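Just so it is clear, the model here is predicted, and its values are computed rather than measured.
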Amino acid sequence: MAIHPNLVRFIEQFEREAVHGGLYRRNLGKAELSFLENVWGPSFQYRYEGLKAEYPLKDFKGGQRFADFVYVKDGMRLLFEIDGFTTHARDISPGEFDDHLMRQNDLPCKFIEFTVIPHSPRT
């Protein structure tokens, strides 16, 4: 299945801005790409205007955090967190998992959370 050309442009723009802006993440993960391709794209006719990836935020301790996506339109700011299995469960310690939960509780605006559940065939 081919990726929609608007999504390709969104990804390329994010990667250019990440390199030039010195962002920690320079590539979107599988869960984020799946969200863009299978949720955002069909819901918004593959228009990505107003959507930004890896949006910087300050937490309640003054630390730097990043939301997976923010959609900004007409003064409204809506955050999207994509909880992929590897970054939010499999490859982290219990302390890091607690930190992820605290981070989501500290977000300074409304957010929508998507959890990606790995597919496992039923036996």
Side-chain angles (χ1 to χ4, degrees):
M1 181 174 161
I3 295 177
H4 195 279
N6 290 348
L7 177 52
V8 171
R9 283 191 287 278
F10 179 85
I11 294 166
E12 289 171 348
Q13 180 180 345
F14 166 74
E15 290 174 351
R16 278 192 307 276
E17 290 174 0
V19 169
H20 287 77
L23 289 179
Y24 175 72
R25 286 185 61 185
R26 292 196 163 108
N27 297 77
L28 298 173
K30 289 172 75 174
E32 291 84 4
L33 292 172
S34 179
F35 167 78
L36 291 171
E37 190 170 13
N38 299 306
V39 178
W40 188 274
S43 298
F44 291 90
Q45 294 75 46
Y46 296 92
R47 291 191 304 254
Y48 296 92
E49 297 85 8
L51 187 68
K52 291 284 187 183
E54 290 298 301
Y55 184 73
L57 302 165
K58 295 282 184 190
D59 66 15
F60 76 101
K61 297 178 186 176
Q64 184 75 36
R65 303 288 188 154
F66 292 90
D68 292 325
F69 298 101
V70 65
Y71 178 65
V72 180
K73 184 171 182 175
D74 300 328
M76 176 195 69
R77 186 171 62 164
L78 184 61
L79 299 180
F80 294 86
E81 273 298 302
I82 314 302
D83 291 344
F85 181 67
T86 55
T87 56
H88 292 278
R90 187 188 75 193
D91 295 340
I92 63 173
S93 70
E96 289 169 319
F97 181 74
D98 287 344
D99 184 63
H100 283 250
L101 295 178
M102 289 297 295
R103 176 181 71 130
Q104 291 177 353
N105 290 336
D106 293 336
L107 293 175
C109 57
K110 299 295 182 200
F111 76 98
I112 298 174
E113 182 177 8
F114 290 88
T115 302
V116 177
I117 301 170
H119 175 72
S120 59
R122 294 182 182 236
T123 55

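Looking at Tyr48 and Gln13, their side chains never come closer than 4.5 Å, going by heavy atoms from C-beta outward. A 4.5 Å side-chain heavy-atom check between Gln45 and His4 finds every atom pair outside the cut-off. Two residues are said to be in side-chain contact when any heavy atoms from C-beta on lie closer than 4.5 Å; Leu51 and Leu36 meet this criterion. No side-chain heavy atom of Lys52 sits under 4.5 Å from any side-chain heavy atom of Val72. Between Leu57 and Leu79, some side-chain heavy-atom pair lies under the 4.5 Å cut-off.
Taking OH of Tyr55 as the start and CG of Leu78 as the end, the distance is 12.0 Å to the nearest 0.5 Å. Residue Glu12 holds its CD atom at 10.0 Å from CG of Leu7, rounded to the nearest 0.5 Å. The CD atom of Glu32 sits 11.0 Å away from atom CD1 of Ile11, with the distance rounded to the nearest 0.5 Å. Asp68 CG to Leu28 CG: the interatomic distance, rounded to the nearest 0.5 Å, is 8.5 Å.
Annotation for Tyr46 and Glu37: closest pair OH-O, 3.9 Å, computed over non-hydrogen atoms.
Under the ring pair (Phe, Tyr, Trp, His ring centres under 6.0 Å) rule, Phe80 has a single partner from Phe69, Tyr71, Phe35, Phe66, which is Phe35.
With Trp40 contributing its side chain and Arg47 its backbone, the two residues share a donor-acceptor pair below 3.5 Å.
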